[in-house]
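The structure appears below as structure tokens.
So you know, we letter chains A, B, ... as the sequences are listed, proteins then strands, and number each from 1. A quick note: this is a predicted structure, and the numbers were derived from the prediction, not measured.
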There are 2 protein chains.
Amino acid sequence: MSCLETLKENGLKLTPQRRLIADYFHDSGSHLTAEEIIAHVHEKMPGVNKSTIYRNLDIFESIGCVLKSESGNHVIYHHTEEGHHHHLVCIKCGKNVDCDEMLFWPVEKTLRDKYAFRVDFKHQVINGLCENCGKQP
Amino acid sequence: MSCLETLKENGLKLTPQRRLIADYFHDSGSHLTAEEIIAHVHEKMPGVNKSTIYRNLDIFESIGCVLKSESGNHVIYHHTEEGHHHHLVCIKCGKNVDCDEMLFWPVEKTLRDKYAFRVDFKHQVINGLCENCGKQP
DNA sequence: ATCGTTATTGCACCCAGTTGCAATTATACA
DNA sequence: TGTATAATTGCAACTGGGTGCAATAACGAT
């Protein structure tokens with residue numbers, strides 16, 4: 001189901017600004033930073049205020065169209081239609097590798113069983129050292 | 001070994017501002033937000049600039065005296081002498097429970113074995129639903 | 001105790017993201 | 001097609017955190 005339909009289902013209005021953001025997610029892969037989204041929207045519709053964009057990204061997140069993950073310095077938005085997975089980002093060389101979504105299942109299970117605490121790890125960004133960079137001191 | 005000694009060992013100077021921050025960590029438990037630290041420093045030494053405080057917190061982190069964890073909206077600093085663990089924070093009621101440090105060991109192992117990726121999960125802040133809040137819809 | 005070096009501070013300004021509020025606009029309905 | 005109304009936008013100002021740079025201060029050597 002498209003993001004725009006989901007908006008309507010939640011009683012939200014379909015504004016040109018929202019259409020622009022949703023189209024961008026559909027057209028250009030799954031991972032977009034706030035910067036990229038703002039740049040794209042401004043290119044197509046120069047007057048749009050950044051707060052409108054941030055507010056709409058939050059709304060798309062709250063209706064489940066988009067996942068927001070924090071990667072230390074910046075924020076990444078991930079179109080949920082692309083499926084779930086995690087990211088391994090090397091803090092030295094910046095290499096970015098996708099990682100199976102079941103990585104955190106044992107953690108989720110432990111938290112559920114031992115702490116009665118419910119967590120759903122979706123689209124985490126994990127910083128560490130890749131094979132090459134891990135060898136060097 | 002005290003933070004102040006560690007400073008010297010790393011060729012860093014022992015300024016009154018640093019002494020104030022280090023003392024605060026020693027005196028008042030392990031978990032402090034940037035806000036709390038700034039408030040405390042300002043109380044004791046009103047003129048200190050916030051950038052001085054942030055820079056010193058980064059330095060204490062880089063020499064291993066303090067761990068910095070990001071919890072979505074704010075940043076938490078944790079005095080490393082208190083031992084390692086993680087935090088479960090309920091997104092509904094805000095309840096905060098400590099959690100064993102070995103929680104992420106299986107994840108670290110998988111990343112090492114399958115992805116040759118090295119990560120050290122230290123003092124994570126995990127947002128989810130606690131037992132009570134998980135029951136209610 | 002003084003001095004020179006080098007780290008550190010304060011300042012002023014930047015940046016991404018957020019918020020309250022008045023003006024605007026998408027939509028349901030007549 | 002026009003209108004009422006609630007959602008949305010743009011604005012302006014704010015927030016937490018960070019940065020480059022000149023002035024200052026800690027500290028080892030004399």
Problem set entry | Separation of D:dC27 C1' from B:N10 CG (nearest whole Å) | 16 Å
Would you list the protein and nucleotides 12-14 of chain C atom pairs, both N or O, that sit under 3.5 Å from each other?
none

For this session: Among residues two or more places apart or on two chains, list those pairs meeting salt bridge (Lys or Arg N to Asp or Glu O under 4.0 Å) that have a residue in residues 51-63 of chain A.
Result: A:D58-A:K68
Exercise. Does the side chain of B:K68 get closer than 4.0 angstrom to OP1 or OP2 of D:dG18 through an N or O atom?
Worked result: yes
Please output the side-chain donor-acceptor pairs of residues 100-108 of chain A that fall under 3.5 Å, not counting sequence neighbours, one pair per line with the distance.
residue	atom	partner	partner atom	Å
A:D100	OD1	A:M102	N	2.9
A:E108	OE2	A:F121	N	3.0

Problem set entry | Gap between atoms CG and P, on B:L32 and D:dG17 respectively (whole Å) | 13 Å
For this session: Please identify each residue that fulfils side-chain hydrogen bond (donor to acceptor under 3.5 Å, both in side chains) with A:N10, with sequence neighbours left out.
Result: none
Seminar exercise, completed: DNA chain D nearest-nucleotide lookup for B:A34 and A:G47: closer to the 5′ end is A:G47
Seminar exercise, completed: Assert: residue with more 5' nearest nucleotide on DNA chain D, out of B:I38 and A:T52, is A:T52
Problem set entry | Beyond-backbone contact of A:V75 with A:T33, side-chain heavy atoms, under 4.5 angstrom | no
For this session: Identify whether B:L20 and B:Y24 are in the same connected component of the hydrophobic contact network (ILVMFWY, side-chain heavy atoms under 4.5 Å).
Result: yes
Exercise. With no hydrogens and no angle check, is any side-chain donor or acceptor of A:T52 less than 3.5 Å from a backbone partner on A:V48?
Worked result: no
Problem set entry | Residues from residues 13-23 of chain A lying under 4.0 Å of DNA chain D - heavy atoms | A:K13, A:T15, A:Q17, A:R18
Problem set entry | Residues that B:K8 engages under side-chain hydrogen bond (donor to acceptor under 3.5 Å, both in side chains), provided they are two or more places apart | none
For this session: Rounded off to whole Å, could you give me the CG-to-C1' distance for the A:L4 and C:dT27 pair?
Result: 16 Å
Problem set entry | Five-pair end axes of the helix from C:dA1-D:dT30 to C:dA30-D:dT1, angle between them (10°) | 20°
Exercise. Can you name the side-chain contact (heavy atoms from CB on, under 4.5 Å) partners of B:K122, sequence neighbours left out?
Worked result: B:L67, B:H84, B:D120
Exercise. Heavy-atom contacts under 4.0 Å between residues 55-66 of chain A and DNA chain D, which residues?
Worked result: A:R55, A:N56
For this session: Spell out, as yes or no, whether a donor-acceptor pair under 3.5 Å connects the side chain of A:T80 to the backbone of A:G64.
Result: yes
For this session: For A:I53 and D:dC11, give me the distance from atom CD1 to atom P, rounded to whole Å.
Result: 12 Å
For this session: Please list, chain by chain and in numerical order, all residues satisfying side-chain hydrogen bond (donor to acceptor under 3.5 Å, both in side chains) with B:K44, sequence neighbours excluded.
Result: none
Seminar exercise, completed: Quick note, salt bridge (Lys or Arg N to Asp or Glu O under 4.0 Å) partners involving residues 13-26 of chain A, not counting sequence neighbours, are none
For this session: Using only side-chain N and O atoms of A:Y54, determine if any of them is under 4.0 Å from OP1 or OP2 of C:dT18.
Result: no
Exercise. Is there a donor-acceptor contact under 3.5 Å from the side chain of A:R118 to the main chain of B:G134?
Worked result: yes
Problem set entry | Results of side-chain hydrogen bond (donor to acceptor under 3.5 Å, both in side chains) for A:H87 - residues two or more places apart only | A:H31, A:H85, A:N96, A:D98, A:H123
For this session: Please indicate whether B:E35 has more than 12 foreign heavy atoms, meaning atoms of other residues, nucleotides or ligands, lying under 6.0 Å from its CD.
Result: no
Exercise. Can you check the B:E35 CD to D:dG16 C1' distance for me, whole Å?
Worked result: 9 Å
